[in-house]
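Worksheet for the structure shown next.
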Amino acid sequence: MYSNKENINILTALLVSHGITDAVVCPGSRNAAIIHNLAECPKINCYPVTDERSAAFVALGMAQASHRPVVVCVTSGTALLNTAPAVAEASYQHQGIIVISADRPAAWIGQNTGQTMPQPGALGNFVGKCINIPEPHSDEERWHVNRLVNEALIEAKKPYRPSVHINVPLSEPLFDYTVKKLPAERKIQFYEKELCNTEPFMEEFFKAKRPMIVIGQTDEHTLSDIFESLELLNERAVIIHEALGAYSEICSVDLVLNAIEGKEHKYVPDLVLHMGGEIVSKRLKNFLKKAKATWRISLNGEISDTYQNLAGVLCCELKSFCNFVEVTYQMRNPQTPHSAISFLRLWQKALSASDEFIIQYSPKYSQAAAVKAFEQQFYMLDYAPHAHYANSSAIRLANLLARRRVWCYRGINGIEGSVSTAVGFALATDINEKVVLVTGDLSFFYDSNALWNNNPTPNLSILLLNNGEGGIFRQVEGFDANPFAVGLHNASAEHICKQNGVDYVAVHNMQELENGIKRLSCADTTLVVEVFTDPEIDKQEFEKIYTSFKL
């Protein structure tokens, strides 16, 4: 029988599934339930050592001999600190050990209770990863514990073999052993460098009945490098993207997801391959959580479980992976399942309809009209500018209306550096290549000092969408839109532009908008076109795009 503590059972199950077979255990009451589980598990060999300092070195010796990570399990308090010398030595030898420490609940730290001290982070830089896995009380907390333990054990098995620290806070009662078997826990697979070892993924991909490839934020050079591979894969899997990862023109996936609400079961993939970085749409993220499994390509091997169904991580360059898949695909020439063909046609029909709708859609004067006019104007020209979009409303409008890949200050998703980033991009770009920033008012005013410098950027233009507030907040359900919360203001960029020697155009209606966009396309000095709109009309037009499209 196993402990009734869920965090201990999740940890034990994943130790087994990740192939950890040896554990050096030190006596103690707080860690007794962990020791009990380790001893109860037939696939783990336990070696008792009383002195924690010695026990950690014993684990190091076993790791040296077996070339595998070994657990050392200690109780709470200074017992953990006694493992530090061995952990440091193990890390410098690249023979890492897995330190599992029991702990008191966080509420009791610093409350004059015995054997309590801040344990997370106590081993400092001597471990490659430290995680804290409290007792879960909801499905989201169980997913979090599962993901954290997977991350730690994957880290421990990497080629440079770092040590890791897993801290386990436990509440009383501690000694209830009533669980008959360990839970079936998701093991996240991890493949590093050697693409030939990705056979499990390749088998899964070729057998998938509803495969989907999602392209997150990706730079244009990478997209260019993998274009031919994506064209080949597009015959086999549905490929969706936003403006941040657009390898083709339009992909209004958000419109499709809104239109299929209530009947999305036909559109849900069974396997998702995520390439690139972040996606913007919350609707898309929630939709992809319904998939059976996601595999992610990651250059640095991070365990990013955005959709809470991560099956594996392929740690490699995107270009290398796509080339490998293309060669494998051509060598195998696998027959595409009929279900995959039907799934592909279903999505192609929906995406084609949404793309055609966007091309034909004509919003009335609003921020949506400004972005549509900008995208349409530059699409008709012989050259494409480097389009930068600021966060919040601007990038969401781009995801609906953009006709090409765009840049966005979207890593942590702040508003503070959009103008500066565009200025820097313009400075590093050939003066004959145009850079255009589309930004909201709060983001622009926050970062207007970017224009206060002595570096000329005649190739930079800015389309400033000013509706006197943070319009994105009107789209947040239940948000208290009081003046303090939405950043209500009466500011204009006119005098900022005069102060900094920047050309300026104000826009208040459709005719002025048309003229302003034309100025934007042919400007040979830094130019700001400020489009003044009504926030309520902006909201209505944004929502109308969704409500008007039907499948």
Side-chain angles (χ1 to χ4, degrees), residues 280 362-375 387-402 408-410 413-422 436-452 461-500 502-517 519-520 526-546:
V280 177
S362 181
K364 68 180 181 181
Y365 183 72
S366 60
Q367 292 188 347
V371 172
K372 179 71 186 289
F374 161 69
E375 288 292 338
H388 285 243
Y389 277 78
N391 269 310
S392 299
S393 295
I395 188 59
R396 284 164 175 80
L397 286 167
N399 276 342
L400 289 172
L401 304 169
C408 184
Y409 181 72
R410 196 160 186 92
N413 312 343
I415 68 166
E416 65 269 41
S418 298
V419 185
S420 294
T421 302
V436 181
L437 168 66
V438 181
T439 178
D441 42 13
L442 298 190
S443 186
F444 176 85
F445 293 125
Y446 194 112
D447 195 26
S448 61
N449 268 354
L451 301 178
W452 178 46
S461 293
I462 298 173
L463 180 62
L464 169 55
L465 309 175
N466 187 350
N467 60 11
E469 65 177 36
I472 186 66
F473 299 123
R474 289 179 179 256
Q475 300 173 28
V476 179
E477 187 176 350
F479 187 84
D480 180 14
N482 67 62
F484 300 107
V486 301
L488 198 66
H489 68 87
N490 295 306
S492 164
E494 181 178 5
H495 294 289
I496 294 174
C497 293
K498 287 181 179 179
Q499 168 189 298
N500 294 296
V502 172
D503 287 354
Y504 174 81
V505 173
V507 170
H508 302 89
N509 54 53
M510 289 296 278
Q511 183 59 54
E512 291 179 354
L513 177 62
E514 182 180 344
N515 295 334
I517 296 297
R519 281 280 304 273
L520 205 67
T526 307
L527 169 68
V528 172
V529 174
E530 185 168 21
V531 181
F532 294 92
T533 60
D534 181 285
E536 187 57 36
I537 294 176
D538 289 337
K539 178 185 177 182
Q540 291 171 5
E541 285 300 304
F542 186 81
E543 292 176 348
K544 188 178 177 183
I545 296 174
Y546 285 94

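Without hydrogens or angle criteria, Arg519 side chain to Asn515 main chain gives no donor-acceptor distance under 3.5 Å. In terms of modelled atom types and a separation under 3.5 Å, the side chain of Glu530 and the main chain of Ala493 share a donor-acceptor contact.
Among residues two or more places apart in sequence or in another chain, the salt bridge (charged side-chain N to carboxylate O under 4.0 Å, His left out) test is passed with Glu512 by none. Applying the ring pair (Phe, Tyr, Trp, His ring centres under 6.0 Å) criterion to Phe374, with sequence neighbours excluded, gives Phe378. A search for side chain to side chain donor-acceptor pair (under 3.5 Å) contacts involving Asp538 returns Asn467, Thr533, not counting sequence neighbours. For the salt bridge (charged side-chain N to carboxylate O under 4.0 Å, His left out) test, residues two or more places apart in sequence or in another chain that qualify with Lys498 are Glu494. Under the side chain to side chain contact (heavy atoms under 4.5 Å, CB included) criterion, Glu514 pairs with Gln511, Lys518, not counting sequence neighbours. Judged as a ring pair (Phe, Tyr, Trp, His ring centres under 6.0 Å), and not counting sequence neighbours, Tyr504 has no contacts. Applying the ring pair (Phe, Tyr, Trp, His ring centres under 6.0 Å) rule to Phe532 yields the partners His508; only residues at least two apart in sequence or on another chain are considered. When the side chain to side chain donor-acceptor pair (under 3.5 Å) test is applied to Thr526, the partners found at least two apart in sequence or on another chain are Thr457. Thr439 meets the side chain to side chain donor-acceptor pair (under 3.5 Å) test with no other residue; sequence neighbours excluded. Take Glu416 and apply the salt bridge (charged side-chain N to carboxylate O under 4.0 Å, His left out) test, not counting sequence neighbours, and it matches no residue. Qualifying side chain to side chain contact (heavy atoms under 4.5 Å, CB included) partners for Asn500, counting only residues two or more places apart in sequence or in other chains: Leu451, Trp452, Ile496, Val502. With sequence neighbours left out, the side chain to side chain donor-acceptor pair (under 3.5 Å) criterion links Glu375 to Tyr389, Arg404.
With 3.5 Å as the limit, one finds a donor-acceptor pair spanning the side chains of Asp447 and Ser420.
Note that the NE2 atom of His495 and the OG atom of Ser448 stand 13.5 Å from one another [nearest 0.5 Å]. Between atom NE2 of residue His388 and atom CD1 of residue Ile462 there is a gap of 11.0 Å, rounded to the nearest 0.5 Å. Atom-to-atom distance recorded for Leu465:CG and Ser392:OG is 11.5 Å, nearest 0.5 angstrom. In this structure, the separation between CG on Asp503 and CG on Leu527 is 6.0 Å, given to the nearest 0.5 Å. The CD1 atom of Ile395 sits 9.5 Å away from the OG atom of Ser418 when rounded to the nearest 0.5 Å. One distance of note links NZ of Lys539 with OG of Ser393; it measures 11.5 Å at 0.5 Å rounding.
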**Message:** One pair to check against side-chain contact (heavy atoms from CB on, under 4.5 Å): Val280 and Arg396. What are the steps and the verdict?
**Reply:** CA-CA 8 Å; Val280 177; Arg396 284 164 175 80; 4.0 Å; yes
**Asked** side-chain contact (heavy atoms from CB on, under 4.5 Å) between Cys408 and Asn391: does it pass, once the steps are laid out?
**Response** CA-CA 7 Å; Cys408 184; Asn391 269 310; 3.6 Å; yes
Apply the test side-chain contact (heavy atoms from CB on, under 4.5 Å) to residues Ile517 and Val529: give CA-CA distance (whole Å), side-chain angles for both, the deciding distance (0.1 Å), then the verdict.
CA-CA 8 Å; Ile517 296 297; Val529 174; 5.6 Å; no
**Request:** Please test Phe444 against Leu437 for side-chain contact (heavy atoms from CB on, under 4.5 Å), starting from the C-alpha separation and ending with a verdict.
**Result:** CA-CA 10 Å; Phe444 176 85; Leu437 168 66; 5.7 Å; no
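Residues Ser366 and Ile537 approach most closely at CB-CG2, 4.3 Å, considering heavy atoms. The two residues Lys364 and Met510 make their nearest non-hydrogen contact at C-SD, 4.5 Å. Considering every non-hydrogen atom in both Gly516 and Val505, the closest pair reads CA-CG1, 4.4 Å. Across every non-hydrogen atom of Ser443 and Ala390, the tightest pair is OG-CB, 3.8 Å. Across all non-hydrogen atoms, the minimal contact from Ile545 to Ala368 is CD1-CB, 4.3 Å.
More than 12 non-hydrogen atoms from other residues, nucleotides or ligands lie less than 6.0 angstrom from OH of Tyr365.
Counting heavy atoms from C-beta on, the side chains of Leu400 and Val371 never come closer than 4.5 Å. Residues Asp534 and Glu541 have side chains not in contact (no heavy-atom distance under 4.5 Å, counting atoms from C-beta outward).
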